[in-house]
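In what follows, a structure is listed as structure tokens, so that the remarks can point back to it.
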Amino acid sequence: MADPKGFLTTGREVAPTRPVEERVKDWNEVYVPGSLLPIISKQAGRCMDCGIPFCHNGCPLGNLIPEWNDYAYREDWTAASERLHATNNFPEFTGRLCPAPCESACVLAINQPAVTIKNVEVSIIDKAWDSGDVTPQPPERLSGKTVAVIGSGPAGLAAAQQLTRAGHTVAVYERADRIGGLLRYGIPEFKMEKVHINRRIEQMRAEGTKFRTEVEVGRDIDAAKLRKRYDAVVIAAGATVSRDLPVPGRELKGIHFAMEYLPLSNKVREGDLTVSPITAEGKHVVVIGGGDTGADCVGTAHRQGAASVTQLEIMPRPSDERPGHQPWPTFPMLYKVTSAHEEGGERLYSVSTTHFEGDEDGNVQSLHLIEVEFTNGKLEQKPGTERSIPAQLVTLAMGFTGTDQENGLVEQFGLELDERGNIARDADFATNVPGVYVAGDAGRGQSLIVWAIAEGRSAARGVDRHLTGASDLPAPIRPTDRALTV
């Protein structure tokens with residue numbers, strides 16, 4: 001193990017963030033550049049090298065966490081990077097965006113603060129990029145087989161990279177104008193600067209992966225024709241249908257889905273727009289939804305100069321400490337203060353929106369809410385608690401309900417859906433259509449980035465075996481696997 005006494009002698013220390021008054025004036029990542037390397041080796045030394053490393057159970061990728069913690073402690077960054085990449089195609093994505101179920105499952109977390117696994121991970125990969133340890137890995141020989149991947153989010157990119165390295169000729173189809181899916185247009189720059197996506201794309205190009213942007217399968221190209229053109233197809237189109245809020249006043253101007261609002265600020269950062277057509281500048285902003293996407297809206301509104309920001313959540317405020325009914329090593333629901341929340345705004349829990357009010361021009365001006373409580377498992381309103389709050393921009397960040405069916409992809413392929421409306425698949429991630437596979441949120445439903453990458457890697461094995469009769473590619477999960485819960 002790294003440091004036999006590290007977990008006893010070293011306290012948990014996380015990456016420091018830049019001052020709020022500084023970072024809300026720009027779109028750079030919130031952490032102090034270069035601040036991790038001076039502390040990360042000691043933090044990696046807190047790893048106990050457990051006989052049964054439950055962090056493996058928390059992470060669907062099966063990351064070899066004790067191994068790369070040991071190398072990081074010894075500052076053998078090349079070996080650490082090799083072990084990190086053995087199970088994860090894109091650790092710079094997960095190290096910045098994953099909520100770290102591995103840390104919740106850390107054995108040290110039974111009675112102490114967990115090892116800073118995410119910080120160690122991102123330190124290793126950033127060091128690897130800086131030192132030139134991340135290089136293209138083109139296949140030694142080509143199989144002569146072709147694969148189309150629909151969608152360039154983490155699942156699609158993982159599947160594409162695995163299949164390219166296995167020797168297949170892979171083309172990734174993306175309906176947006178740039179590669180990256182939600183990584184590109186759903187994640188604000190202050191959470192992950194897009195340079196991290198860009199250099200991975202260049203690595204994949206050098207390995208042989210082809211990319212086709214601004215092509216929506218189902219609209220721009222017929223799905224049946226695509227199937228005839230390729231030996232196999234992987235659908236990784238995500239779960240992009242936003243959950244709506246059907247209350248009076250929903251039709252007012254100024255009420256937008258989070259995925260209408262967030263991509264525009266990223267397009268400004270890309271230089272496509274001078275200013276966002278949907279801006280929070282000078283407005284009272286209300287974000288409906290208490291998850292990570294809602295927090296992204298909060299941080300974006302701060303940077304656009306909102307007059308005020310209020311985030312609403314229908315569920316009660318989570319506990320500051322692990323609840324008794326969510327024991328280790330499950331992923332607990334805890335009160336989380338993200339970098340966006342540190343920057344200001346108000347958070348209201350146990351409230352439900354009843355309706356919106358607008359002005360004479362049809363612009364939203366206020367939101368009416370009421371307090372709610374769960375009684376015998378049923379959500380009930382509390383009489384006498386109604387009130388209104390100013391709202392000149394409202395973003396709906398209440399999650400997603402499934403993959404897009406309006407573009408014709410599902411119908412044209414003739415795909416079967418499961419009871420949740422996701423694309424059905426078998427144990428090899430194959431759909432009911434021969435040669436067509438599905439990975440990521442399109443088959444699993446809305447989930448985490450680590451599950452998306454794990455799905456992409458696992459689906460790649462199913463495709464490889466279909467094309468060649470056997471496969472040495474890893475499959476970290478099965479389609480039926482779920483997060484560790486009670």
Side-chain angles (χ1 to χ4, degrees), residues 14-33 35 92-100 118-119 122 180-197 242 254-270 273 275-313 317-318 334-349 389 391-400 448-449:
V14 297
T17 55
R18 296 185 291 130
V20 169
E21 60 273 15
E22 172 190 320
R23 68 186 195 234
V24 296
K25 296 177 182 177
D26 61 45
W27 293 85
N28 300 328
E29 290 184 8
V30 301
Y31 296 102
V32 177
S35 60
E92 65 272 40
F93 301 168
T94 53
R96 287 172 167 83
L97 304 178
C98 180
K118 265 184 68 172
N119 282 183
V122 81
L182 287 182
L183 295 172
R184 173 73 65 182
Y185 286 128
I187 301 297
E189 192 92 350
F190 60 82
K191 282 183 68 174
M192 187 180 74
E193 295 173 9
K194 302 312 175 226
V195 62
H196 303 296
I197 304 175
S242 299
I255 304 173
H256 303 275
F257 290 119
M259 286 303 120
E260 294 173 333
Y261 173 60
L262 293 174
L264 293 172
S265 64
N266 284 337
K267 283 187 170 290
V268 172
R269 295 297 302 158
E270 296 280 5
L273 301 170
V275 294
S276 173
I278 305 175
T279 180
E281 183 177 2
K283 297 177 182 177
H284 296 290
V285 178
V286 178
V287 179
I288 302 179
D292 288 338
T293 302
D296 293 344
C297 293
V298 170
T300 298
H302 288 320
R303 282 157 180 78
Q304 290 179 340
S308 70
V309 183
T310 306
Q311 187 175 17
L312 309 183
E313 170 59 60
R317 182 190 184 280
L334 297 176
Y335 180 68
K336 184 166 66 172
V337 179
T338 70
S339 63
H341 296 129
E342 292 174 352
E343 294 160 2
E346 186 178 7
R347 303 166 76 179
L348 302 180
Y349 289 91
I389 57 176
Q392 295 161 323
L393 172 64
V394 178
T395 61
L396 307 180
M398 303 180 296
F400 304 89
L448 304 178
I449 184 172

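Keep in mind that this is a model prediction, so the values were computed, not measured.
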For Ala295 and Thr338, the nearest pair of non-hydrogen atoms, with its separation, is CB-OG1, 3.8 Å
Which atom of Val275 lies closest to which atom of Val268, heavy atoms considered: C-CG2, 3.7 Å
Which atom names give the shortest non-hydrogen contact between Val122 and Gly95, and what distance separates them? CB-O, 4.0 Å
More than 12 heavy atoms from other groups under 6.0 Å of OH on Tyr185: yes
Please check if the side chain of Glu22 supplies one atom and the backbone of Pro19 the other of a donor-acceptor pair under 3.5 Å. no
Applying side chain to side chain donor-acceptor pair (under 3.5 Å) to Asp26 and not counting sequence neighbours gives Arg18
Within a strict 4.5 Å, meaning less than it, do heavy atoms of the Leu393 and Tyr261 side chains meet? yes
Residue among Met192, Lys267, Glu270 satisfying side chain to side chain contact (heavy atoms under 4.5 Å, CB included) with Arg184: Glu270
CD1 on Ile389 to CG on Leu312, rounded to 0.5 Å: 5.0 Å
Please report the interatomic distance CG(Asn266) to OG1(Thr300), rounded to the nearest 0.5 Å. 7.5 Å
Do Met259 and Thr293 have side chains that get closer than 4.5 Å, going by heavy atoms? yes
Correct closest heavy-atom pair for Ile197 and Gly180 would be CG2-CA, 4.4 Å
Contacts of Phe190 that satisfy ring-ring contact (aromatic ring centres under 6.0 Å, His included) - sequence neighbours left out: none
So, do Leu182 and Ile449 sit near enough that their side-chain heavy atoms are less than 4.5 Å apart? no
For a 4.5 angstrom cut-off between non-hydrogen side-chain atoms, does Tyr349 reach Pro318? yes
Heavy-atom side-chain contact between Phe257 and Leu262 under 4.5 Å: no
Do Asp292 and Leu97 touch side chain to side chain, with heavy atoms closer than 4.5 Å? no
Please, which pairs that meet salt bridge (Lys or Arg N to Asp or Glu O under 4.0 Å) have at least one residue in residues 299-312, sequence neighbours excluded? Arg303-Glu343
For Arg23, the option from Glu29, Glu342, His302 that meets side chain to side chain donor-acceptor pair (under 3.5 Å): Glu342
Mind checking side chain to side chain donor-acceptor pair (under 3.5 Å) for Gln311 and listing every partner two or more places apart, or none if nothing turns up? His341
Within a strict 4.5 Å, meaning less than it, do heavy atoms of the Gln304 and Ile278 side chains meet? no
Taking every non-hydrogen atom, the tightest pair across Cys297 and Ala258: SG-CB, 3.7 Å
List the atom pairs, with distances to 0.1 Å, where a side-chain N or O of residues 281-291 and a protein N or O form a donor-acceptor pair under 3.5 Å, not counting sequence neighbours.
residue: Lys283; atom: NZ; partner: Thr279; partner atom: O; Å: 3.2
residue: His284; atom: ND1; partner: Ser308; partner atom: OG; Å: 2.7

Any pair with a residue in residues 186-195 that passes salt bridge (Lys or Arg N to Asp or Glu O under 4.0 Å), sequence neighbours left out, goes on the list, sorted by first then second residue, please. Lys191-Asp296
